[in-house]
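Note on naming: letters A, B, ... go to the chains in the order of the sequence lines (proteins, then strands), and numbering restarts at 1 for each one.
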Protein chains: 2
Amino acid sequence: MPTPHYGQPRYRIIANELRERIESGVFPPGSLLPAESALTTEFRASRGTIRQAIAALRQEGLVTTEHGRGTCVTAGTRDRRNESDAREREVLADPDLAGLFGVEVGTALIEREAVMRRSGRVETVVRAYRLRPTAP
Amino acid sequence: MPTPHYGQPRYRIIANELRERIESGVFPPGSLLPAESALTTEFRASRGTIRQAIAALRQEGLVTTEHGRGTCVTAGTRDRRNESDAREREVLADPDLAGLFGVEVGTALIEREAVMRRSGRVETVVRAYRLRPTAP
DNA sequence: AGAAATTTGTCCGTATGTATC
DNA sequence: AGATACATACGGACAAATTTC
């Protein structure tokens, strides 16, 4: 059964369902979610789709995942500062960047950040800087 | 954003960027490239496009990819770390990096910076952060 | 201490539908 | 019409970390 994504994609529907269970206490904070393999049979979706759903919850900070262990419901920590795997934001050029780009210190730049994890631990953070597109 | 392939197709642009990072030492020989999923989010491209880009690098012999493990930078690639456009230095963790690495603000990190030029102009500056190797 | 089972991480190949150049 | 690229989804296989026996 290939890919009829009428309206909402499946992974989002599944993510919503799991979020509901977490917020309603079916999966309490600190507990482990069912394994991906269990979720595939329950939702009759492929593992990739399940993982996409879980990735969405992880991006919201609702759960954390550990290699070889499972996906754990985050203990009610509010104030979710960005923990996503990649994001983009605007920053001001430090002297080094300003010199490289040939602009004044404090000029707005676009920073793209990517986080690489290795067995749960953050291994490398990459930040790529670009000039903001200008209107000529 | 659909398909504005100004001049070059997107997968080639991405391949060029990754090649730059490899040759500049941001991704040193022996290290693993970020996963396809991470690259899709960083470059905001689909998996197919990312795979095309990596396939190009593989064909050049720059990387080898192992099923179930990842894509690894070939050992034979020259490391230009100490040449013109890339350098390594020690910096102190800002709050964002400290949060990601799980260390205190001000902890020393290794920063590797690479500058990518496009017909003379500085186009992108990439900074890769790693924890300093600990002596236990 | 060591082997097996479990579970997540990653890659491979393929497929459908949509949209833009 | 064709090439490029997007998003979504499937199923399979191997790798690696953790837990269990």
When you measure from the side-chain N and O atoms of [X] to the phosphate of [N], is any distance below 4.0 Å, counting only OP1 and OP2?
X	N	answer
A/R10	D/dC10	yes
A/R51	C/dG9	yes
B/Y11	D/dA5	no
A/R44	D/dC10	no
A/T49	D/dC10	yes

- prompt: At how many degrees, to 10°, do the end axes of the helix from C/dG2-D/dC21 to C/dC21-D/dG2 meet when each uses five pairs?
  reply: 10°
Whole angstroms only, please: what is the [atom1]-[atom2] distance between [X] and [N]?
X	N	atom1	atom2	value
A/I50	C/dT7	CD1	C1'	14 Å
A/R69	D/dT18	CZ	P	10 Å
B/H67	D/dA15	NE2	P	8 Å
B/L39	D/dC6	CG	P	13 Å

Would you mind writing out the side-chain donor-acceptor pairs for residues 92-99 of chain A within the sub-3.5 Å range, not counting sequence neighbours?
unit_1: A/D94; atom_1: OD1; unit_2: A/D96; atom_2: N; d: 3.0
unit_1: A/D94; atom_1: OD1; unit_2: A/L97; atom_2: N; d: 2.7
unit_1: A/D94; atom_1: OD2; unit_2: B/R127; atom_2: NH1; d: 3.1
unit_1: A/D94; atom_1: OD2; unit_2: B/R127; atom_2: NH2; d: 3.3
unit_1: A/D96; atom_1: OD2; unit_2: B/R87; atom_2: NH2; d: 3.4
unit_1: A/D96; atom_1: OD2; unit_2: B/R89; atom_2: NH2; d: 3.1
unit_1: A/D96; atom_1: OD2; unit_2: B/R127; atom_2: NH2; d: 2.9

query: Are A/R58 and A/E66 close enough for a salt bridge, meaning some N to O gap below 4.0 Å?
result: no
Enclosure of A/E90 CD (heavy-atom neighbours >12, cutoff 6.0 Å): yes
- request: Give A/G48 one of three labels, base, sugar-phosphate or nothing, depending on what nucleic acid heavy atoms sit under 4.0 Å from its own.
  value: nothing
